[in-house]
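Just so it is clear, the structure is predicted and the values come from calculations on it, not from any experiment. In what follows, chains carry the letters A, B, and so on, assigned in the order in which the sequence lines appear, proteins first and then strands, with residues in each chain numbered from 1. What's counted below: heavy atoms across the whole structure, side chains too, no hydrogens, waters or symmetry copies.
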There are 2 protein chains.
Amino acid sequence: MKREEKIPARTIERLAIYRRQLLELKSNRLSHIYSHQLAELANNTPAQVRRDLMIIGCSGGNPKQGYGIDYLLNSINSILDNDKAGQIALVGVGDLGKAILSYSNYQRSTPSVAAAFDIDEEKIGKVIASCKCYPLSEMKTKVKELGITLGIITVPSVYAQKVTDKLVSAGVTGILNFAPATLRVPNNVFVERIDITMEIEKVAYFANEYSRLGK
Amino acid sequence: MKREEKIPARTIERLAIYRRQLLELKSNRLSHIYSHQLAELANNTPAQVRRDLMIIGCSGGNPKQGYGIDYLLNSINSILDNDKAGQIALVGVGDLGKAILSYSNYQRSTPSVAAAFDIDEEKIGKVIASCKCYPLSEMKTKVKELGITLGIITVPSVYAQKVTDKLVSAGVTGILNFAPATLRVPNNVFVERIDITMEIEKVAYFANEYSRLGK
DNA sequence: TATATAATGTAATCTTATTCACATTAAAGT
DNA sequence: ACTTTAATGTGAATAAGATTACATTATATA
Ligand SMILES: NC(=O)c1ccc[n+]([C@@H]2O[C@H](COP(=O)([O-])OP(=O)(O)OC[C@H]3O[C@@H](n4cnc5c(N)ncnc54)[C@H](O)[C@@H]3O)[C@@H](O)[C@H]2O)c1
Ligand SMILES: NC(=O)c1ccc[n+]([C@@H]2O[C@H](COP(=O)([O-])OP(=O)(O)OC[C@H]3O[C@@H](n4cnc5c(N)ncnc54)[C@H](O)[C@@H]3O)[C@@H](O)[C@H]2O)c1
């Protein structure tokens with residue numbers, strides 16, 4: 001069991017981004033990178049990059065070549081790919097749910113969507129991107145059977161709480177919620193919300209603000 | 001031209017959430033609400049709610065009834081629905097793009113998707129949720145014609161920068177980017193990124209963390 | 001009309017996140 | 001081997017954000 005100092009959420013977000021960039025650099029046969037280059041790719045500052053690396057106890061850089069990409073990847077993986085990460089259940093195979101299911105890029109990373117659930121008879125039994133859709137009644141069984149620990153919620157917001165309760169009682173401890181609803185969960189469960197409508201409103205606001213004041 | 005003290009991004013995000021909750025309350029015929037109730041609905045604290053309201057110069061609450069819902073809605077609208085907010089162009093009518101197009105809930109709010117763009121011949125000319133798909137060559141014209149000022153990018157990340165450049169040179173000043181790519185824009189253009197893969201990795205990390213330490 | 005009550009509005013404080021600044025250092029060139 | 005150079009690693013400073021705490025206040029009740 002590891003015993004790092006608690007890592008800030010913002011740092012975790014940036015680590016995920018660094019990792020993606022580093023994987024791309026690696027696939028381009030690069031072996032080293034400077035903090036200012038990674039900062040450029042991740043749209044932040046060199047100091048921020050170095051601080052993030054420091055936070056995860058990563059000090060393998062040297063002034064003449066920067067950081068070894070493999071070294072950085074190992075360090076980041078050791079933080080993000082925690083030993084006991086399970087698979088994902090997606091609930092609500094509508095437009096958005098299907099888009100997420102068909103998106104195959106996260107096959108690379110540890111957690112991937114192992115089962116889908118819906119109430120619509122039409123959808124039950126269908127297979128999307130090699131992921132089968134089950135009725136809600138089978139959730140508990142499938143979650144155990146497939147080692148699922150995470151949930152993605154893409155049902156209409158009225159049903160989001162109901163679905164959450166089911167996921168939690170099946171043993172899920174992390175939820176990514178696309179429904180514009182505030183979810184009530186026990187405090188050993190982590191919920192992250194992606195609110196697309198809110199983001200659009202935010203962009204509208206700041207687009208206006210930026211062009212008024214030139215940033 | 002308004003002259004508020006610069007409003008923090010976090011406050012803007014929460015205002016968008018308050019507004020949605022308030023609209024729902026209003027549709028349930030409620031007329032007043034206390035900060036602690038709104039906090040409950042928005043998953044934050046009463047003090048945070050009052051502070052946000054204070055930031056936007058909103059002090060119409062009274063100790064016995066709380067805040068008038070109409071009053072709050074007007075105040076929030078006056079901030080978020082800025083006078084010169086335009087329509088939205090969505091670029092990349094793939095799985096995710098289609099999901100966003102078919103999602104009709106933001107018809108309510110000022111900006112809505114007025115045109116879609118794609119390079120795929122198959123998709124050009126199609127109409128999804130009463131929004132027509134045009135070739136990239138018509139972007140400049142359509143942006144002007146339809147009063148578009150915002151863009152949503154749902155193309156593969158390799159093309160994201162190219163598409164951004166086109167949007168910007170057509171006059172767009174705010175972009176919501178779903179591609180896992182860092183975009184380069186002039187600094188009068190605002191970019192917000194939604195990185196679904198990163199969010200999943202974050203949920204995986206904190207789900208583990210929370211269940212290890214009980215929050 | 002006076003009193004009690006419970007929520008508001010906000011200054012002050014605390015916390016978290018980011019940036020600065022610089023001494024340290026690893027290699028490349030002389 | 002010595003000098004130069006440009007990046008690292010990190011304490012200290014600053015900025016941004018959230019929370020606390022409480023004096024103020026609008027109304028219901030006595
Ligand atoms: N599509 C978007 O662009 C978009 C944007 C913002 C927010 N959202 C939110 O994402 C969620 C999904 O949006 P969508 O456009 O995919 O909706 P959708 O109507 O296309 O899909 C919803 C799916 O959930 C299923 N469902 C309904 N109740 C269920 C239940 N109790 N258990 C299991 N499945 C159930 C339905 O059968 C359907 O397949 C909604 O909450 C929506 O508000 C979507
Ligand atoms: N679907 C998801 O769940 C998901 C998750 C995470 C990230 N993303 C990101 O969102 C973006 C879209 O994902 P998707 O699953 O919808 O992909 P998709 O392949 O289904 O759709 C991409 C669309 O963009 C169009 N396109 C390609 N190049 C273009 C160009 N130069 N100009 C205009 N249109 C162009 C294609 O014709 C296609 O219609 C990608 O960047 C992806 O990485 C998607």
Problem - Nearest-nucleotide pick for Ser59(A), side chain only, options being dT8(D), dA17(C), dG9(D) - result: dG9(D)
Fill in the blank from the handout: Met54(B) CE to dA7(C) P, in whole Å, measures 21 Å
Exercise for the section: Figure out the OH/P separation between Tyr34(B) and dT5(C), and round it to whole Å. Expected result: 15 Å
Exercise for the section: May I ask you to evaluate whether Ser35(B) reaches the phosphate of dA7(C), defined as a side-chain N or O under 4.0 Å from OP1 or OP2? Expected result: no
Practice task
State whether the distance check finds a donor on one side and an acceptor on the other, under 3.5 Å, for side chain Arg51(A) versus base dT19(C).
Solution key: yes
Handout entry: Residue Lys140(A) excluded, over 12 heavy atoms near NZ under 6.0 Å
Key = no
Handout entry: Nucleotide dA17(C), atom P - distance to CD of Gln48(A) in whole Å
Key = 10 Å
Practice task
For Thr11(B), report the nucleic acid contact type (base, sugar-phosphate, nothing); a contact means any heavy atom under 4.0 Å.
Solution key: nothing
Exercise for the section: Look at the aromatic rings of Tyr210(A) and Phe206(A) and report parallel, tilted or perpendicular, splitting at 30° and 60°. Expected result: perpendicular
Problem - d(NE2, His36(B); P, dT8(C)) in whole Å - result: 8 Å
Handout entry: Salt-bridge contact Asp70(B)-Lys26(B) (side-chain N to carboxylate O under 4.0 Å)
Key = yes
Exercise for the section: To the nearest Å, give me how far apart OH (Tyr67(A)) and C1' (dA27(C)) are. Expected result: 16 Å
Distances for protein N/O vs nucleotides 21-28 of chain D N/O pairs under 3.5 angstrom?
from	atom 1	to	atom 2	distance (Å)
dT27(D)	OP1	Asn62(B)	ND2	3.4

Exercise for the section: Could you state the atom-to-atom distance from CD1 of Ile12(A) to C1' of dT16(C) in whole Å? Expected result: 15 Å
Practice task
Select base, sugar-phosphate, or nothing to describe what Gly60(B) touches, counting heavy atoms under 4.0 Å on all strands.
Solution key: sugar-phosphate
Practice task
Indicate, with a heavy-atom threshold strictly under 4.0 Å, whether Pro46(A) touches base, sugar-phosphate, or nothing.
Solution key: nothing
